[in-house]
Visitor: 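Please find one structure pasted underneath; my questions will follow.
Position 1 is the first residue of the sequence; numbering continues from there. Keep in mind that the numbers below use all heavy atoms, side chains included, and drop hydrogens, waters and symmetry copies.
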Amino acid sequence: TASRTAIPILFYCAILFPICGAILFADDALGFWPFSSIKEGYVARVGNEFITKDDYAKAVNALHKSNRVGEELTKSTSFDIQNNQKFLDELIDIKLMKIEAENLSLDKRPEFMRHMENYILNLSLERLRQEEIKSKIRVEDNEIEEYYINQHSDEKDKSEVKKDIAEIPSRDKESIKNILMRKKTEEREREFFSLLRKKARIKVDTVSLSNLSADNLASLGKHVAEVNGETILGKALFYEMKISKVNDTEDGRRQVLDKLIFHKLLDHEAMGRGYSEENELKEKINRYKESSLIKEFEISVILPGITVKEDEIKDYYEKNLEQYKEPDRVNLAVILLAKKEQAEEALEELRKGADFSYLARKDSIDSSGKTGGRVGWSSMDIFPAETRKALYDAKKGDFIGPFQIEYGYAVAEFHSLEKGGYRPLEDVKDDIDKIIGRQKFNTQLTKYLVQLRKTVPVKINEKELNLVNEGM
C-alpha cells in the first residue's frame, strides 16, 4: 500500500513543481489569476479576456477616421506611437470594466438578461428573414419589361411599347423593380407564414377569449391561446390591442390574437434554427454584450457615487463667466450687390447724399431690399474682423463697406450697437451640472480602473503589437 501511494505523490510533485516554478520565477509572472489557454494573434491579455490584432487594428483605424484627432496629426509617426498606445489602454480599460461587471454579476440581472435575449431574438429574426424571404426573391429584367408593357399597352400598340423598353430610364426601371420586389415579398411571406402555421401546435381558448374584461383581473391572467406549448395571456392581448389602437370587439380580439400567434411562431422558428451559434452572429452578440455590460457597469457602479452641489455649479459659473457671454449685436440696413465694383459705386452714391432706402429697393439682390435694406439686429460674430472694427468705430448714420459675404458684396448703414450681456445662471444651470457631473464621473472611473489594474493581470504582447503598428 505504501508503494502505491508514494507513486502518485511523486507524480503530482513532478507535475506541480514546474508549474509553480513557472509562476513564481518567470520574468512576466502575473500571479495566480486563472488564465485561459493562450489565444493566437493577440496584442494584450486582460485576465481571461483577449484584445486581438484585428480588434486593435479596427479600433485604431476607427480612431484615425474619427473627429478625435486632426488630419495632420494622424499623419505623424509620433502621433501613431503615442496615441496607439493610449488607445490600447482604452481597449484594456474596456476589458477591465467587462470583467468587473461580470464579477459583480451585472450580466445575471433579470433586466440585463432580458435585454440580451431580445437582442439575440432580433438578430435571429433578421437572419430568418434573410434566409426565408429575401434570399428567395429576385426580379429579372424580363419581368420589369413585362410590367412596363402591361402598364403602357393601353396607350399604344404592344409592338411600339417593346421598342421603347431599351429606352426606359434607369430611375423608372428601379421604381418598377421595387414594386415587383414588394409584391414578391408579400407573396413569399404569406407562403412561409402558412407553412409555419401548418406545422405548429396552436390551441385557442375561445371561452377565455370571449370572457376577457379589463374590469376582471382574473380573466386577464388566464390563457387565451397556446403556441407550441407557450401560452399567451389575456393581459398580453389587451396590451397589444391598446398599443395597436384596435377596438375591443370579437373581431378585434381575434385580429390581435392572430398577430400575437404569428409573432410567437416567428420567434420559435428563428430561435430554433440556432443562428446565434453562427460565427458572424456570435461575434455581434459578444460585441453587443460587452458594450451593454460596460454601460450597465457605468450606470450601476460609477454613476450612483456622482453628486453635483449647488455651490459647485455657482462656483463653476463664476470662474467660467466668459463662456456664457453673449456676443455684441449691431443694428444695420444693408444693400447687397453681386460684384465689388457695384458695391463701391453704391457707397460713393451714398456718400454724395443718395437715399439708402431708395438704393436698397432699386439695386439690392437681398430680400431685405423690399424693406429698404433693413435687416435688424445681427450678431457681431458673423462679420470679418476688419468689418467688426469698422462697426465698433462707427456712429449712427455711417456707411460701412463694401465687405464680402456669402452671396456678394455688402454696403451697410450703421444704426446702433448693443453690448452683449451674460446668460443668467438659471439658463445654463443644467449645462453646468452635466459638465461637472461628467468631470466627476471620469475622475471616479479613472480611480476605479487604477484599482482594477492592481487586481486583474494585464499582459502586453509587445512583439505582436509592434508588428501591427508597423503594418499600419
Side-chain angles (χ1 to χ4, degrees), residues 36 39 42 46-52 54-59 61-63 65-66 90-136 185 188-189 192-193 196 200 225 227-233 235-237 239-240 242-244 256 259-304 441 445:
S36 60
K39 189 171 185 176
Y42 75 94
V46 186
N48 284 335
E49 296 287 330
F50 291 89
I51 298 169
T52 66
D54 191 45
D55 293 336
Y56 175 69
K58 283 180 181 176
N61 286 331
L63 170 69
K65 292 175 183 178
S66 73
E90 291 182 12
L91 293 177
I92 290 169
D93 288 343
I94 287 170
K95 295 298 182 186
L96 288 169
M97 286 187 277
K98 181 191 176 189
I99 290 169
E100 182 69 357
E102 289 173 339
N103 286 341
L104 295 170
S105 298
L106 300 185
D107 57 330
K108 300 296 190 295
R109 289 181 173 181
E111 62 270 23
F112 182 85
M113 294 174 73
R114 283 195 298 272
H115 180 70
M116 286 306 303
E117 285 167 5
N118 284 335
Y119 180 75
I120 293 168
L121 174 60
N122 286 326
L123 278 183
S124 300
L125 285 168
E126 180 53 38
R127 181 74 179 80
L128 178 67
R129 180 173 176 77
Q130 178 62 41
E131 187 170 272
E132 290 294 345
I133 309 297
K134 291 181 179 179
S135 67
K136 296 182 184 288
T185 298
R188 174 56 192 158
E189 283 176 347
F192 179 61
F193 301 156
L196 288 182
V227 183
N228 293 332
E230 188 175 348
T231 58
I232 297 174
L233 297 179
K235 61 183 178 182
L237 179 69
Y239 177 75
E240 187 63 34
K242 183 178 179 180
I243 62 174
S244 300
V256 172
K259 181 180 177 181
L260 292 175
I261 290 171
F262 163 62
H263 286 167
K264 290 285 185 191
L265 289 174
L266 281 179
D267 292 354
H268 290 167
E269 187 68 19
M271 295 305 292
R273 295 200 179 190
Y275 293 130
S276 59
E277 294 305 311
E278 295 177 357
N279 288 336
E280 184 182 351
L281 261 67
K282 195 181 285 188
E283 188 179 331
K284 279 186 179 179
I285 291 165
N286 289 337
R287 283 202 307 267
Y288 186 78
K289 182 180 180 182
E290 182 175 87
S291 63
S292 298
L293 263 179
I294 288 163
K295 286 179 186 174
E296 191 72 26
F297 168 77
E298 291 176 341
I299 292 169
S300 302
V301 179
I302 306 298
L303 200 58
F441 178 90
L445 179 60

Visitor: Hey, could you give me the CD1/CG distance between Ile232 and Leu260, rounded to the nearest 0.5 Å?
Guide: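 It comes to 5.0 Å.
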Visitor: Between the side chains of Lys134 and Glu126, is the shortest nitrogen-to-carboxylate-oxygen separation below 4.0 Å, so that they form an ion pair?
Guide: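 Salt bridge between Glu126 and Lys134, a charged N being under 4.0 Å from a carboxylate O: yes.
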Visitor: Check salt bridge (charged side-chain N to carboxylate O under 4.0 Å, His left out) between Lys98 and all other residues, then give those that pass, not counting sequence neighbours.
Guide: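 For Lys98, the residues satisfying salt bridge (charged side-chain N to carboxylate O under 4.0 Å, His left out) (neighbours in sequence not counted) are Glu49.
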Visitor: Among residues at least two apart in sequence or on other chains, which ones pass salt bridge (charged side-chain N to carboxylate O under 4.0 Å, His left out) with Glu298?
Guide: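 Glu298 satisfies salt bridge (charged side-chain N to carboxylate O under 4.0 Å, His left out) with no other residue.
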Visitor: For Glu102, enumerate each residue passing the salt bridge (charged side-chain N to carboxylate O under 4.0 Å, His left out) test, keeping only those at least two apart in sequence or located in another chain.
Guide: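 Partners of Glu102 under the salt bridge (charged side-chain N to carboxylate O under 4.0 Å, His left out) test: none.
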Visitor: side-chain contact (heavy atoms from CB on, under 4.5 Å), that's the test. Do Leu106 and Phe112 meet it? Break it down for me.
Guide: CA-CA 7 Å; Leu106 300 185; Phe112 182 85; over 6 Å; no
Visitor: For residues Ile285 and Tyr119, report the shortest heavy-atom separation together with the two atoms involved.
Guide: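 Result for this residue pair: CA-CE2, 4.0 Å.
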Visitor: How many angstroms lie between atom CG of Leu91 and atom CG of Leu96, to the nearest 0.5 angstrom?
Guide: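 Separation between the atoms: 11.0 Å.
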Visitor: How would you list, by chain and number, every residue that makes a ring-ring contact (aromatic ring centres under 6.0 Å, His included) with Phe193, sequence neighbours excluded?
Guide: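 Phe193 satisfies ring-ring contact (aromatic ring centres under 6.0 Å, His included) with Phe262 only.
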Visitor: For Glu111, which residues count as a side-chain contact (heavy atoms from CB on, under 4.5 Å) partner, sequence neighbours excluded?
Guide: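 In terms of side-chain contact (heavy atoms from CB on, under 4.5 Å), with neighbours along the sequence ignored, Glu111 is linked to Arg109, Arg114.
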Visitor: As an exercise, state the distance from CD of Glu269 to CG of Leu128, rounded to the nearest 0.5 Å.
Guide: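 Nearest 0.5 Å value for the CD-CG distance: 6.0 Å.
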Visitor: To the nearest 0.5 Å, what is the distance between CD1 (Ile92) and CD1 (Ile51)?
Guide: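 Taking CD1 in Ile92 and CD1 in Ile51, the distance rounds to 5.0 Å.
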Visitor: May I have the step-by-step check of side-chain contact (heavy atoms from CB on, under 4.5 Å) for Met97 and Leu445, ending in yes or no?
Guide: CA-CA 10 Å; Met97 286 187 277; Leu445 179 60; 3.8 Å; yes
Visitor: Applying side-chain contact (heavy atoms from CB on, under 4.5 Å), run through Asp107 and Phe297 and close with a yes or a no.
Guide: CA-CA 10 Å; Asp107 57 330; Phe297 168 77; over 6 Å; no
Visitor: Does Glu283 have any side-chain contact (heavy atoms from CB on, under 4.5 Å) partners at least two apart in sequence or in another chain, and if so, which?
Guide: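 If we apply the side-chain contact (heavy atoms from CB on, under 4.5 Å) test to Glu283, skipping adjacent residues, the hits are Lys58, Arg287.
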Visitor: Considering residues at least two apart in sequence or located in another chain, which fulfil the salt bridge (charged side-chain N to carboxylate O under 4.0 Å, His left out) criterion with Glu240?
Guide: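 Result, salt bridge (charged side-chain N to carboxylate O under 4.0 Å, His left out) vs Glu240: Lys259.
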Visitor: For Glu132, is there any backbone N or O sitting under 3.5 Å from a side-chain donor or acceptor partner on Arg188?
Guide: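 Present.
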Visitor: Quick one: CD1 on Ile261 to CG on Leu237, what's the gap to the nearest 0.5 Å?
Guide: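 Going from the CD1 atom of Ile261 to the CG atom of Leu237 covers 9.5 Å.
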Visitor: Which of these passes side-chain contact (heavy atoms from CB on, under 4.5 Å) with Ile120: Met271, Lys284, Lys289?
Guide: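 Of Met271, Lys284, Lys289, side-chain contact (heavy atoms from CB on, under 4.5 Å) with Ile120 is met by Met271 alone.
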Visitor: To check you understand the geometry: which heavy-atom pair defines the closest contact between Glu131 and Lys136, and what is its length?
Guide: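 Closest approach of Glu131 to Lys136, heavy atoms only: O-CE, 3.6 Å.
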Visitor: Enter the distance from Ser300:OG to Lys295:NZ here, rounded to the nearest 0.5 Å.
Guide: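 Those atoms lie 13.0 Å apart.
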Visitor: Would you mind listing every ring-ring contact (aromatic ring centres under 6.0 Å, His included) that reaches into residues 264-285, with sequence neighbours excluded?
Guide: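 Sorted result for residues 264-285: empty, none.
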Visitor: Please enumerate all residues that pass side-chain contact (heavy atoms from CB on, under 4.5 Å) together with His115, with sequence neighbours excluded.
Guide: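 Partners of His115 under the side-chain contact (heavy atoms from CB on, under 4.5 Å) test: Tyr288, Ser292.
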Visitor: Please lay out, stage by stage, how Arg127 and Arg273 fare under the test side-chain contact (heavy atoms from CB on, under 4.5 Å).
Guide: CA-CA 10 Å; Arg127 181 74 179 80; Arg273 295 200 179 190; over 6 Å; no
Visitor: Closest approach of Leu266 and Leu125, non-hydrogen atoms and distance?
Guide: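 In this case the closest contact between Leu266 and Leu125 is O-CD2, 3.7 Å.
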Visitor: For Thr185, what residues pass the side-chain contact (heavy atoms from CB on, under 4.5 Å) criterion, not counting sequence neighbours?
Guide: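 Here the qualifying residues are Arg129, Ile133, Ile137, Met181, Glu189.
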Visitor: If you take all heavy atoms of Ile299 and Pro304, which pair is closest and at what distance?
Guide: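 Scanning both residues completely, I find the closest heavy atoms to be O-CD, 3.1 Å.
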Visitor: Of all residues at least two apart in sequence or in a different chain, which pass the side-chain hydrogen bond (donor to acceptor under 3.5 Å, both in side chains) check with Asp267?
Guide: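 Residues passing side-chain hydrogen bond (donor to acceptor under 3.5 Å, both in side chains) with Asp267: none at all.
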Visitor: Tell me every residue that passes side-chain hydrogen bond (donor to acceptor under 3.5 Å, both in side chains) with Asp55, counting only those two or more places apart in sequence or in another chain.
Guide: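 Residues passing side-chain hydrogen bond (donor to acceptor under 3.5 Å, both in side chains) with Asp55: Thr52.
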Visitor: Tell me whether Asn118 at atom CG has more than 12 heavy atoms from other residues, nucleotides or ligands lying less than 6.0 Å away.
Guide: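 Buried by this count: over 12 neighbours within 6.0 Å.
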